[in-house]
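Just so it is clear, the structure is predicted and the values come from calculations on it, not from any experiment. Each ligand, and each atom within it, is numbered from 1 in the order the structure gives.
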Amino acid sequence: MQEHAEISVRPEEFRQRGDVEHREKTFELNHVSVSYGDSRAVHDVSIDIFHKNITALIGPSGCGKSTLLRSLNRMNDLIPSARVEGELLYHGEDIYGPKVDPVQVRKVIGMVFQKPNPFPKSIYDNVAFGPRTTGMKGDMDDIVETALRRAGLWDEVKDRLDDNAYGMSGGQQQRLCIARCIAVEPDVILMDEPCSALDPISTGRIEDLMLELKERFSIVIVTHNMQQAARVSDMTAFLMVELTADEKSRWGELIEYDDTAKIFTNPSDSRTEDYISGKVG
Ligand SMILES: Nc1ncnc2c1ncn2[C@@H]1O[C@H](COP(=O)(O)OP(=O)(O)OP(=O)(O)O)[C@@H](O)[C@H]1O
């Protein structure tokens, strides 16, 4: 953590607090909107995202799920036209505060992408990359092994750590990317459709892994797969694309946010029900 950063919560410190296992807020979004240039992608989202929960963002293509996800760790900063409005608090602190270092934010709030994107390096070096870059203390072999174990990959790769990551299967590569993300001990893992490039067996392994990882990390996942959201998530946010009458402008809006069980069995909004039941979408 750089001295000037306003974000003062350290994951290890947060984990040591004994009384926060459930429903402690990791994020508070108050009237968050994200635009690209003049075009609004997500409008006026207010939700709390809870500690050690899996939170799913679902909704039809273009409703702004990925945009909203990227706003949680300032990945949108990397898109020059992107602008975030409203208040986005992380453990009570403004993540867009003027003194916050976005690089530090992305270390504490890691991200796994749709397509596995390992570096063209050895399996070991992929996992060691983050800890080396951030100057993490400790024995590097231990750090790498712990991350690979937590990602459910150790037994498969322990005898080939020097092999190039490109020689792994897609599912293994995605678990390697998860290992790379957790090697720097983040607090939150953002996952943008992490299984969409994977076969059903690899998808099942990642879902099992998510359920294990939430013992330690908060997870926010964008998924097109409603069964996946229903299977793994604790909370679900459903977004939809809204259109102006002349259909010239469109933007994403939050329709409903609740316990996943409620969203999938007894949603409050008929639009959620229509989407979940496949009537629209
Ligand atoms: N880098 C960008 N520059 C300009 N517009 C963008 C950019 N990324 C997304 N958008 C626009 O923002 C809106 C929301 O896109 P976003 O990818 O967040 O939606 P999504 O719900 O994740 O979609 P999908 O499910 O298809 O991935 C869309 O209209 C999209 O065209």
Side-chain angles (χ1 to χ4, degrees), residues 27 29 31-47 49 54-86 88 95-96 102 105-106 109-117 170 174 177 188-198 203 206-207 210 219-233 235-258 260 263-264 267 269 271-272 274-281:
F27 294 102
L29 280 66
H31 305 290
V32 169
S33 298
V34 188
S35 306
Y36 297 102
D38 294 335
S39 159
R40 182 149 286 199
V42 192
H43 178 66
D44 198 22
V45 174
S46 295
I47 57 173
I49 294 176
I54 299 178
T55 303
L57 307 181
I58 64 167
S61 189
C63 69
K65 305 178 292 295
S66 299
T67 298
L68 190 61
L69 188 79
R70 289 195 300 261
S71 71
L72 299 178
N73 74 343
R74 295 191 54 167
M75 284 293 277
N76 285 326
D77 289 17
L78 306 175
I79 303 169
S81 65
R83 195 177 74 251
V84 178
E85 293 164 88
L88 209 161
I95 213 162
Y96 285 86
V105 167
R106 288 178 213 129
I109 307 168
M111 192 148 188
V112 174
F113 298 88
Q114 181 170 359
K115 197 163 165 284
N117 60 347
Q174 194 60 306
C177 292
V188 183
I189 309 173
L190 307 179
M191 296 184 165
D192 196 349
E193 297 187 44
C195 302
S196 64
L198 305 182
T203 297
I206 302 270
E207 288 181 8
M210 278 191 255
I219 298 174
V220 187
I221 175 175
V222 165
T223 179
H224 270 119
N225 180 334
M226 281 189 283
Q227 286 79 13
Q228 179 167 78
R231 276 193 297 264
V232 301
S233 73
M235 297 289 291
T236 297
F238 170 57
L239 293 98
M240 255 185 91
V241 182
E242 298 289 330
L243 289 166
T244 48
D246 61 6
E247 301 198 359
K248 282 192 177 147
S249 296
R250 53 174 55 218
W251 63 93
E253 212 159 275
L254 178 73
I255 303 299
E256 190 168 347
Y257 179 56
D258 213 325
T260 295
I263 292 279
F264 281 89
D269 195 295
R271 291 169 293 180
T272 313
D274 288 348
Y275 184 75
I276 301 286
S277 63
K279 278 190 207 149
V280 294

field: atom 18 (O) of ligand 1 - nearest protein heavy atom and its distance
entry: Thr67 OG1, 2.5 Å

query: Among protein heavy atoms, which sits nearest to atom 28 (C) of ligand 1, and what does the distance come to when rounded to 0.1 Å?
result: Gly62 O, 4.0 Å

statement: atom 10 (N) of ligand 1 has as its nearest protein heavy atom Tyr36 CE1, 3.3 Å

query: Any protein heavy atom lying closer than 4.0 Å to atom 30 (C) of ligand 1?
result: no

- request: Kindly give the heavy-atom pair with the smallest separation between Arg70 and Met111, and that separation in Å.
  value: CG-CE, 3.9 Å

Residues Asn225 and Thr223: side-chain donor-acceptor under 3.5 angstrom: no

- request: Report the nearest protein non-hydrogen atom to atom 27 (O) of ligand 1: residue, atom name, distance rounded to 0.1 Å.
  value: Glu193 OE2, 3.7 Å

message: Heavy atom to atom 25 (O) of ligand 1, shortest distance: which of Arg40, Met240, Lys65, Gln114 holds it?
response: Lys65

query: atom 17 (O) of ligand 1: which protein heavy atom is closest, and how many Å away?
result: Ser66 CB, 4.0 Å

message: Any carboxylate oxygen within less than 4.0 angstrom of a Lys/Arg side-chain nitrogen, looking at Arg40 and Glu242?
response: no

Gap separating the CD1 atom of Ile221 from the CE atom of Met210, nearest 0.5 angstrom: 3.5 Å

message: Measuring from non-hydrogen atoms of Arg250 to any atom of ligand 1, is the shortest distance under 4.0 Å?
response: no

task: Report the nearest protein non-hydrogen atom to atom 26 (O) of ligand 1: residue, atom name, distance rounded to 0.1 Å.
output: Ser61 OG, 2.5 Å

Full working for side-chain contact (heavy atoms from CB on, under 4.5 Å) between Phe27 and Ile47: CA-CA 8 Å; Phe27 294 102; Ile47 57 173; over 6 Å; no

query: Below 4.0 Å from any atom of ligand 1, is there a heavy atom belonging to Gly59?
result: no

message: So, 4.0 Å and heavy atoms of Gly64: is ligand 1 close enough to count as a contact?
response: yes

